[in-house]
4 protein chains.
Amino acid sequence: MSGINKVILVGHLGKDPEIRHMEGGVSKASFPLATSEFYTKDGQRVEQTEWHNIVVWRGLADIAEKYLHKGKLVYVEGKLRTRSWDDKEGNKRYMTEVVADNFTMLGRRSDHENQGGNESYGGGNTNRGGSGNSRDAAGGSEGLNVRADDNPEDDLPF
Amino acid sequence: MSGINKVILVGHLGKDPEIRHMEGGVSKASFPLATSEFYTKDGQRVEQTEWHNIVVWRGLADIAEKYLHKGKLVYVEGKLRTRSWDDKEGNKRYMTEVVADNFTMLGRRSDHENQGGNESYGGGNTNRGGSGNSRDAAGGSEGLNVRADDNPEDDLPF
Amino acid sequence: MSGINKVILVGHLGKDPEIRHMEGGVSKASFPLATSEFYTKDGQRVEQTEWHNIVVWRGLADIAEKYLHKGKLVYVEGKLRTRSWDDKEGNKRYMTEVVADNFTMLGRRSDHENQGGNESYGGGNTNRGGSGNSRDAAGGSEGLNVRADDNPEDDLPF
Amino acid sequence: MSGINKVILVGHLGKDPEIRHMEGGVSKASFPLATSEFYTKDGQRVEQTEWHNIVVWRGLADIAEKYLHKGKLVYVEGKLRTRSWDDKEGNKRYMTEVVADNFTMLGRRSDHENQGGNESYGGGNTNRGGSGNSRDAAGGSEGLNVRADDNPEDDLPF
DNA sequence: TTTT
DNA sequence: TTTT
């Protein structure tokens with residue numbers, strides 16, 4: 001039976017996304033994301049940071065490369081994927097990633113606006129969400145929300 | 001700034017989905033979904049049921065009509081949408097719905113298999129999720145998982 | 001069978017929380033929260049804002065009153081609850097709320113620090129989350145994360 | 001700033017939970033959970049299963065040991081936690097787990113009822129959720145929903 | 001190692 | 001109006 005495998009994170013990028021162009025022209029971006037919590041132990045405030053490996057494919061990868069930068073606050077939604085391989089000592093190694101299918105920039109507009117210049121984000125998106133005037137995913141000059149399933153043609157909101 | 005508006009439900013359908021074909025050929029399905037919790041009060045087990053109005057658009061609506069039936073257990077993911085209007089007494093009225101963009105049937109296969117007959121679900125889905133062999137959303141004879149953004153052509157997994 | 005009824009929102013408060021002290025000494029805070037999305041229609045960027053009624057009970061209500069203010073960006077996790085009543089015209093009226101059991105302030109520290117002065121948040125929280133040094137929920141001078149289930153005594157992190 | 005680190009899974013246990021009693025009397029249960037998706041490739045239905053390491057602490061661990069068994073369908077909510085260590089070859093090794101703070105049994109009652117006998121689950125839970133008659137988490141003879149934050153005394157719903 |  |  002089908003199951004559910006969903007991850008929701010809000011955190012800051014530890015580095016700029018690193019992009020790779022795979023065979024077949026598929027793009028893959030990856031970056032570390034930190035989620036911190038604070039608790040109090042013996043009267044001291046303690047921060048505990050968890051690091052996540054985020055992976056983004058295809059059109060989303062290109063958007064990630066362009067708009068997500070080190071230090072930015074971002075909401076990420078995706079699924080867990082654990083890869084395994086045998087290392088040269090013959091040990092089974094595991095690496096768990098969050099394959100993002102949706103992300104949204106949070107924080108001040110000035111934190112994530114298009115440094116390069118123009119602001120004409122938002123392209124020829126077609127309406128898919130409802131009765132003629134709603135939409136599921138959108139990109140704008142403040143708040144950038146993009147999804148893995150979006151069709152490259154009408155998706156790249158820029 | 002963009003925000004996040006996400007609802008995750010697991011519950012049973014109170015009725016079969018009701019489908020309407022809107023102007024423009026858009027389909028809309030709607031059904032009530034019950035989520036129950038149990039707690040103990042004064043030594044008695046008490047059930048508290050919450051009812052949700054679920055709305056599904058377009059291709060997903062057709063899938064909902066075909067596969068979701070009264071009593072079935074389903075995972076629903078969507079967003080809150082509150083509509084308002086003035087009633088004939090001039091009062092502002094509100095109605096909150098969950099606009100689903102993804103659902104998955106849970107429970108036994110016998111609970112949700114295609115009563116009508118053939119099992120040849122799973123169509124010409126193209127790969128969109130990754131490096132050539134993963135996929136985000138899938139439909140199959142057990143476990144039906146569908147999404148609002150899917151392209152009707154490669155989406156209807158049947 | 002038990003179900004799941006979960007709401008996840010990230011948005012801005014439309015007003016300061018309004019607090020009420022119920023019979024029995026229970027506190028209840030409520031406030032409107034806006035989640036916006038942007039989409040492009042006919043070449044124009046359009047914002048669509050959804051308003052949610054957030055309700056917070058008990059110790060969390062007091063924290064909400066103290067730290068959440070109009071305009072602040074907040075992550076809210078909770079459940080849907082629809083109340084109904086008959087209005088004076090005899091119509092059935094419905095009102096859907098999000099009963100929060102967890103919230104976290106997002107955004108700049110300067111956006112939500114204790115204006116009054118001291119920073120001695122984080123009180124006698126006991127460790128509940130793990131092997132002796134982790135915690136599920138925490139409050140701090142940046143990033144305030146609180147939960148409904150927390151015991152008032154060790155919960156009010158201030 | 002505080003972040004969000006949330007995982008939501010629905011899947012089947014691959015094994016019975018394994019329980020360990022740590023120093024200090026803290027219990028820890030762990031088990032593998034499978035989440036499957038189906039997609040169609042070259043006309044063939046393909047199943048892709050992801051395995052997750054679930055960890056449960058304290059009172060929840062004892063409940064998990066008692067009620068969660070191999071093959072059962074369960075909803076799990078928790079957070080990601082990656083542990084690292086150096087192996088004997090001096091390589092950095094990583095292991096990512098989902099630390100559950102909430103789970104709910106799904107599926108038929110017959111799938112998860114108390115095989116041993118009595119049904120007197122539901123204990124002296126106190127009301128914590130609201131205005132005097134609601135509750136956030138509950139356990140019952142059908143539908144078992146438990147949370148990490150619950151006080152052991154009123155939590156063990158059995 | 002689950003489930004269908 | 002569901003489910004157990």
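Within every chain, numbering begins at 1; the chains are lettered A, B, ... in the order of the sequence lines, protein sequences first and strands thereafter. Here the structure is a predicted model, which means the values were calculated and not measured.
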- Item | Donor-acceptor side-chain pairing of D62(B) and S27(B) below 3.5 angstrom | yes
- Out of dT1(E), dT1(F), dT2(F), which nucleotide sits closest to the side chain of P32(B)? dT1(F)
- Do E47(D) and S36(D) meet the criterion of a side-chain donor-acceptor pair at a distance under 3.5 Å? yes
- Figure out the OH/C1' separation between Y75(D) and dT3(E), and round it to whole Å. 20 Å
- CD of E18(B) versus C1' of dT2(F): gap in Å, rounded? 16 Å
- Euclidean distance, atom NZ of residue K72(B) to atom P of dT4(E) [Å, nearest integer]: 15 Å
- Item | Spacing of N145(B) atom CG relative to dT3(E) atom P, expressed in whole Å | 20 Å
- Between P of dT2(F) and CG of D16(B), the distance in whole Å: 12 Å
- Is the aromatic ring of W51(B) within stacking range of dT1(F), meaning centres under 5.5 angstrom and planes under 30 degrees? yes
- Query: Within this structure, what is the CG-to-P distance between L68(D) and dT1(E), rounded to whole angstrom?
  - Reply: 20 Å
- Go through dT1(F), dT3(F), dT3(E) for me and flag the one nearest to the S36(D) side chain. dT3(E)
- Side chain of H12(D): nearest nucleotide among dT1(F), dT1(E), dT2(E)? dT2(E)
- Taking all non-hydrogen atoms of both residues, which atom of L60(D) and which atom of N102(D) are closest, and how far apart? CD1-N, 3.9 Å
- Task: Specify the separation, in whole Å, of atom CG of L73(D) and atom P of dT3(E).
- Result: 11 Å
- Task: Would you mind reading off the distance between L13(B) atom CG and dT2(F) atom P, rounded to a whole angstrom?
- Result: 11 Å
Pair up each side-chain donor or acceptor in residues 5-17 of chain D with any protein partner under 3.5 Å, not counting sequence neighbours, and list the distances.
unit_1, atom_1, unit_2, atom_2, d
N5(D), OD1, L80(D), N, 2.9
N5(D), ND2, L80(D), O, 2.9
K6(D), NZ, E77(C), OE2, 2.9
K6(D), NZ, E77(D), OE2, 2.6
D16(D), OD1, K70(D), N, 2.8

- Note on the structure: Hits for side-chain hydrogen bond (donor to acceptor under 3.5 Å, both in side chains) against T96(C), two or more places apart or cross-chain, chain-then-number order -> T82(C)
- Item | Sugar-phosphate, base or nothing in reach of T49(D), heavy atoms under 4.0 Å | base
- Select base, sugar-phosphate, or nothing to describe what G11(B) touches, counting heavy atoms under 4.0 Å on all strands. nothing
